[in-house]
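Being a predicted model, the structure only gives us computed values, none of them experimental.
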Amino acid sequence: MLKIGNMTIENPVFTAPLAGYSDNAYRAIAHAHGAGLTYSEMVSDKGLLHGNKKTRAMLRVSEDEGPVVIQLFGGDPDTLAHAVRIVNEESDAVMIDLNLGCPVPKVVKGNGGASLMKDEALAARIVEAMVKETDKPITVKIRSGWDAGSINAGSLARKLEAAGASAIAVHPRTRVQMYRGKADWSIIKDVVDAVDIPVIGNGDIRTPEDAKRMLDETGCAAVMIGRGTFGNPWLIKQTVDYLTTGTYEKTVPLSTRLQTIKDHAERLIENKGEKLALLQLRTHVPWYLKGLPHASVVRQRVTKTTKKEALFDLLDEYFNQLMDDEKN
């Protein structure tokens, strides 16, 4: 059990906010595989204020997703405070997170995401304004700093804690690094040493052993897994099992893999309609097939499917052949 503000979280294995990926369907799959907490995609404060339908739809949380955090981005205390009020009214999320880590130029140019790493005082004022608007815990996701010459995660974390943040997630790469290079876990430890609130470690967790090593080396309270879950939600359950018992099932049965893809597809179709869901599944399915024999041929055929039945027939044909090969 882990306490964040007034919330108790069942286990310390979280999934990261992933633009274009961590939607309702992904979060439901992640929760079904044991995630203690899942995060939404980044939600624009201005999109909420302007009543953008697609942005407002990102606030929707269903029961099968478990506890969800809505992550907001922006660069102004007043607009983010207003966005928090909208989340209060329209979402069943249990927490609200402020993004101080996104390195994408479009976000940074608007004074959001990682650009706020360069203005600690403004970042603290934003958190203070957000905290005043809600009883939900306000958390923050940060990077190491803007560049190698301005590593300030520890000093910023102290200001965010003083402003009322209930937890800090740390992705220990600089904005300049984007997603390249190796995550410097020592930065996570620096933040753990700097604050009294829970610190969530993020970056380069690809196996359950990585997660335990991060917890042991940094003293962080929880781990946040991002790209390692692409097409691999079993990593979540494996990590929970490993942290709990010291062992985990390393092999995912083909029948389980097939059913999970179908479950993900069904949820996407239910949430977004068949046409859009099938387009998005052209990204998701190849991740699920990664490492399997002859997957490249199937990936090419997936890009041409426009109906759920055609996709499922293709997947059944492929996985049934793999299962037959396994028996022989």
Side-chain angles (χ1 to χ4, degrees), residues 13 15-16 18-35 38 41 64-65 178-183 203-211 225-242 247-328:
V13 182
T15 58
L18 300 161
Y21 206 90
S22 53
D23 56 15
N24 305 82
Y26 167 87
R27 297 194 303 261
I29 294 291
H31 175 62
H33 285 80
T38 62
E41 302 174 78
D64 67 349
E65 296 172 44
M178 301 288 282
Y179 300 100
R180 299 183 298 269
K182 186 178 180 182
D204 292 354
I205 296 176
R206 299 182 181 90
T207 67
E209 290 83 359
D210 289 337
I225 310 177
R227 288 171 290 171
T229 66
F230 285 7
N232 186 23
W234 304 282
L235 176 58
I236 302 165
K237 184 179 187 306
Q238 290 169 336
T239 301
V240 173
D241 289 346
Y242 187 61
T247 62
Y248 63 93
E249 292 292 332
K250 296 188 178 182
T251 302
V252 180
L254 290 169
S255 57
T256 300
R257 194 178 294 269
L258 171 61
Q259 188 58 53
T260 303
I261 300 173
K262 289 183 174 181
D263 289 345
H264 198 153
E266 293 279 14
R267 286 185 166 96
L268 269 179
I269 292 167
E270 180 182 349
N271 292 329
K272 301 186 178 183
E274 187 174 42
K275 184 176 180 180
L276 180 56
L278 266 293
L279 287 173
Q280 293 190 354
L281 285 163
R282 294 176 184 179
T283 299
H284 290 292
V285 173
W287 280 108
Y288 278 111
L289 302 183
K290 188 176 180 181
L292 295 178
H294 315 300
S296 60
V297 176
V298 182
R299 287 197 297 267
Q300 291 173 5
R301 293 176 64 187
V302 166
T303 63
K304 298 175 183 176
T305 57
T306 57
K307 296 291 182 183
K308 182 187 83 170
E309 290 78 10
L311 175 64
F312 281 18
D313 287 347
L314 169 60
L315 292 172
D316 285 338
E317 176 189 344
Y318 173 64
F319 276 94
N320 286 336
Q321 182 61 56
L322 290 182
M323 286 185 270
D324 286 344
D325 291 346
E326 227 177 29
K327 293 175 186 175
N328 298 329

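Considering only heavy atoms from C-beta on, Leu268 stays 4.5 Å or farther from Leu278 through its side chain. A 4.5 Å side-chain heavy-atom check between Asn24 and Glu65 finds at least one atom pair inside the cut-off.
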Going through the checks in order, is the side chain to side chain contact (heavy atoms under 4.5 Å, CB included) test met by Thr207 and Tyr242? CA-CA 10 Å; Thr207 67; Tyr242 187 61; over 6 Å; no
Assess the residue pair Thr15 and Arg27 against the criterion (side chain to side chain contact (heavy atoms under 4.5 Å, CB included)); give the C-alpha distance rounded to whole Å, side-chain angles, the decisive distance to 0.1 Å, and a yes or no. CA-CA 8 Å; Thr15 58; Arg27 297 194 303 261; 5.7 Å; no
So Asp210 and Ile225, side chain to side chain contact (heavy atoms under 4.5 Å, CB included) or not? Walk me through it. CA-CA 10 Å; Asp210 289 337; Ile225 310 177; over 6 Å; no
Does the side chain to side chain contact (heavy atoms under 4.5 Å, CB included) test come out yes or no for Thr229 and His33, once each step is laid out? CA-CA 11 Å; Thr229 66; His33 285 80; over 6 Å; no
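Of all non-hydrogen atoms in Gly231 and Pro233, the two that sit nearest each other are C-CD, 3.6 Å. Across all non-hydrogen atoms, the minimal contact from His264 to Ala25 is CD2-CB, 3.8 Å. Across every non-hydrogen atom of Leu235 and Pro208, the tightest pair is CD1-CD, 3.7 Å. For Thr38 against Ala30, the heavy-atom pair with the smallest separation is CG2-CB, 3.9 Å. When every heavy atom of Asp23 is checked against every heavy atom of Lys272, the shortest pair comes out as OD2-NZ, 2.9 Å. Across all non-hydrogen atoms, the minimal contact from Gly226 to Ala16 is CA-CB, 3.7 Å.
Residues Thr283 and Tyr21 bring no donor and acceptor atom of their side chains to less than 3.5 Å of each other.
Judged by distance alone, the side chain of Glu249 and the main-chain N or O of Gln238 form no donor-acceptor pair under 3.5 Å. Remark: the backbone N or O of Tyr26 is not paired with any side-chain donor or acceptor of Arg267 at under 3.5 angstrom. Within the 3.5 Å criterion, the main-chain N or O of Gly20 finds a donor-acceptor partner in the side chain of Glu41.
Checking each of Leu311, Thr256, Val285 against Ile261 for a side chain to side chain contact (heavy atoms under 4.5 Å, CB included) leaves exactly one that passes, namely Val285.
To the nearest 0.5 Å, atom OH of residue Tyr288 and atom CH2 of residue Trp234 are 6.0 Å apart. Rounding to the nearest 0.5 angstrom, the gap separating the CG atom in Leu279 from the CD atom in Glu274 is 10.5 Å. To the nearest 0.5 Å, the span separating CG on Leu254 from CG on Leu322 amounts to 5.5 Å. To the nearest 0.5 Å, the span separating CH2 on Trp287 from CG on Leu281 amounts to 15.0 Å.
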Distance-only check: which donor-acceptor pairs under 3.5 Å involve side-chain atoms of residues 293-300, not counting sequence neighbours?
none

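Within the structure, salt bridge (Lys or Arg N to Asp or Glu O under 4.0 Å) pairs that include any residue of residues 225-240 comprise Lys237-Asp241 (at least two apart or interchain). Listed by first and then second residue, the side chain to side chain donor-acceptor pair (under 3.5 Å) pairs involving residues 301-321 are Lys262-Asp316, Glu266-Lys308, Gln321-Asp325 (not counting sequence neighbours).
Few gaps surround CD on Glu209; more than 12 heavy atoms of other groups in view lie less than 6.0 Å from it.
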